[in-house]
Amino acid sequence: MFLIRADGNAFTGAGHLMRCLSVAQELRKLSGNGEEIHFICADPESAALAEEHGFPAHSLGTDYQDMEAELSRWPKLVEELHRHGRRKEACPREEPAALLVDSYYVTDLYLQGLGGMGYVILMEDFGTHRYPVDCVVNYNAPASLEEYQRLYGDRSVDLLIGSSYVPLRQQFAKARGALAQEGRGGEAVCGAPAREGRGGEAARNVLVTTGGGDSENLAGKILERIYRRDMDFHLVMGRFSPHFEKMKKLEQEKANVHIHYNVENMARLMLGCDIAVTAGGSTVYELAALGVPLLCFSYAENQEALADCVGARGIGLSAGAWHRDPGGTLERIGGQFQKLAADSRIRQACSRRGMALTDGGGAERLARALLAGREKHREQIYG
């Protein structure tokens, strides 16, 4: 049984929950739908999002920022899930759960509390604190396995570090596979020869995506700064955006502005665009996997390292930290966008390097590693 603790609401955005859903889908596929997978969420809004993707979800009715307060509910919840699961004949002691936690509000005390219930996995983005867990996942490109090994020392902790574990959704893995068949696989991906990548054509379609919440309407501000009449602009509005109606009105006023929401096939939308402007986060990896030339910026501290890495490695252009310097970042976005739009050679180079960042198979790779870690944990406990 896998229990996945993540939230996706108007305050946190949907990123944490969505990356966990990618892992859950691969776990279900690898197990032939035989693995019990449940999402545990703080609020009904988050639980509803998990259920929309076909997984049973349970709302704790707690404050997502105060995770220690929910600890007392976990033992009874785990007991009930084991009792009512499909494998009713299995004893909970014979089948210890795997608990995947993805939240910035975890504490050592919280993780220690979960430790007696099974194999505890933490998905995190920083690599600056040694957590009391059995497995750590950090798929970010700047993450260093060597640094994690120094941080955790001789502890028997499974370390799944680096962009080979990026848990892209299945639609991106399929789209990447199709690109590989066309001979556009990026430069030296998993031993494959370099390919041309995208970006040679004139830039006509632009994607702007800033996350599920976007309470400050970054998408609207960016559009205003980079708008050109000779291009079509595709803005992805998240389910939690409070500015949706305002942007829909703008769409009615400007024929070359298109608002997209509840997008079922984001990979297809991305492949139809020649440039993307995006906040840092999982969208960077999705765009990179498909070879879409991108311009990114960080909107929170946890996105800074990735945005810097994108610029330093030439994966795309980086406009800096919006959360530290909004005005300066917006101005840099404007200037760098014009540079990217005008020079097909820059776009092609970004496309090749982006496709070398991730091969689209990270979710399956991660799911296999978690299943193996859970089994090793069970053998260590019960022999």
Side-chain angles (χ1 to χ4, degrees), residues 171-172 174-187 189 193-210 218-237 247 250-260 263 265-280 283-297 307 310-311 313-319 329-358 360:
Q171 60 182 264
F172 291 96
K174 291 178 180 178
R176 175 54 185 266
L179 289 176
Q181 291 181 351
E182 294 174 10
R184 294 191 293 178
E187 51 183 37
V189 177
R195 297 292 186 258
E196 182 179 358
R198 303 180 58 202
E201 65 281 359
R204 299 297 184 199
N205 288 278
V206 179
L207 180 71
V208 179
T209 174
T210 53
L218 272 64
K221 295 175 182 177
I222 291 170
L223 175 65
E224 183 178 2
R225 182 63 182 80
I226 68 174
Y227 179 78
R228 288 167 43 164
R229 293 181 180 179
D230 62 337
M231 290 181 167
D232 278 273
F233 293 87
H234 302 266
L235 277 66
V236 177
M237 304 296 293
M247 299 309 295
L250 181 64
E251 179 185 43
Q252 295 172 356
E253 297 172 353
K254 296 183 181 294
N256 63 337
V257 173
H258 313 280
I259 305 301
H260 303 266
V263 181
N265 195 332
M266 185 64 73
R268 180 184 300 170
L269 176 60
M270 289 180 175
L271 283 171
C273 293
D274 307 301
I275 297 174
V277 182
T278 179
T283 307
V284 168
Y285 296 106
E286 293 169 351
L287 292 163
L290 301 182
V292 181
L294 64 95
L295 163 58
C296 77
F297 60 93
V310 165
R313 296 189 188 180
I315 296 164
L317 302 186
S318 176
T329 302
L330 186 59
E331 285 303 306
R332 286 188 291 273
I333 288 174
Q336 291 184 352
F337 175 78
Q338 298 305 329
K339 178 181 178 180
L340 196 59
D343 196 329
S344 63
R345 293 171 300 178
I346 295 177
R347 296 198 303 275
Q348 284 183 309
C350 290
S351 176
R352 291 195 303 269
R353 293 172 186 139
M355 296 182 81
L357 182 65
T358 176

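These numbers were taken from a predicted model, which means no experiment stands behind them. The chain is numbered in sequence order, starting from 1.
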Between the main-chain N or O of [Y] and the side-chain N or O of [X], is there a donor-acceptor pair closer than 3.5 Å?
| X | Y | value |
| --- | --- | --- |
| Arg268 | Gln171 | no |
| Arg332 | Ser318 | no |
| Asn256 | Tyr227 | no |

How long is the span from the [atom1] atom in [X] to the [atom2] atom in [Y], to the nearest 0.5 Å?
| X | Y | atom1 | atom2 | answer |
| --- | --- | --- | --- | --- |
| Leu340 | Leu317 | CG | CG | 5.0 Å |
| Leu330 | Phe297 | CG | CZ | 9.0 Å |
| Cys350 | Leu287 | SG | CG | 11.5 Å |
| Ile226 | Leu295 | CD1 | CG | 8.0 Å |
| Lys221 | Thr329 | NZ | OG1 | 11.5 Å |
| Ser344 | Asp274 | OG | CG | 11.5 Å |

Worked check of side-chain contact (heavy atoms from CB on, under 4.5 Å) between Val236 and Thr283: CA-CA 11 Å; Val236 177; Thr283 307; over 6 Å; no
What pair of heavy atoms forms the shortest contact from [X] to [Y], and how long is it?
| X | Y | value |
| --- | --- | --- |
| Met270 | Leu207 | CG-CD2, 3.8 Å |
| Arg228 | Ala341 | NH1-CB, 3.9 Å |
| Ile259 | Met237 | CG2-CG, 3.3 Å |
| Ala267 | Leu290 | O-CD1, 3.8 Å |
| Ala289 | Thr358 | CB-CG2, 3.7 Å |

Do the side chains of [Y] and [X] get nearer than 4.5 Å, heavy atoms only?
| X | Y | value |
| --- | --- | --- |
| Val284 | Val310 | yes |
| Ile222 | Val208 | yes |
| Leu269 | His260 | yes |
| Met355 | Leu179 | yes |
| Arg353 | Arg313 | no |

Would Thr278 and Glu286 count as a side-chain contact (heavy atoms from CB on, under 4.5 Å) if you check the C-alpha gap in whole Å, the side-chain angles of each, and the deciding distance to 0.1 Å? CA-CA 11 Å; Thr278 179; Glu286 293 169 351; over 6 Å; no
Checking Lys254, Arg204, His258 against Asp232 for side chain to side chain donor-acceptor pair (under 3.5 Å), the one that qualifies is His258
Step-by-step side-chain contact (heavy atoms from CB on, under 4.5 Å) determination, Leu235 to Leu250: CA-CA 11 Å; Leu235 277 66; Leu250 181 64; 5.9 Å; no
Go through the steps to decide whether Arg225 and Phe337 satisfy the test side-chain contact (heavy atoms from CB on, under 4.5 Å), and finish with yes or no. CA-CA 10 Å; Arg225 182 63 182 80; Phe337 175 78; over 6 Å; no
Can you tell me if Gln338 has over 12 outside heavy atoms packed within less than 6.0 Å of its CD? yes
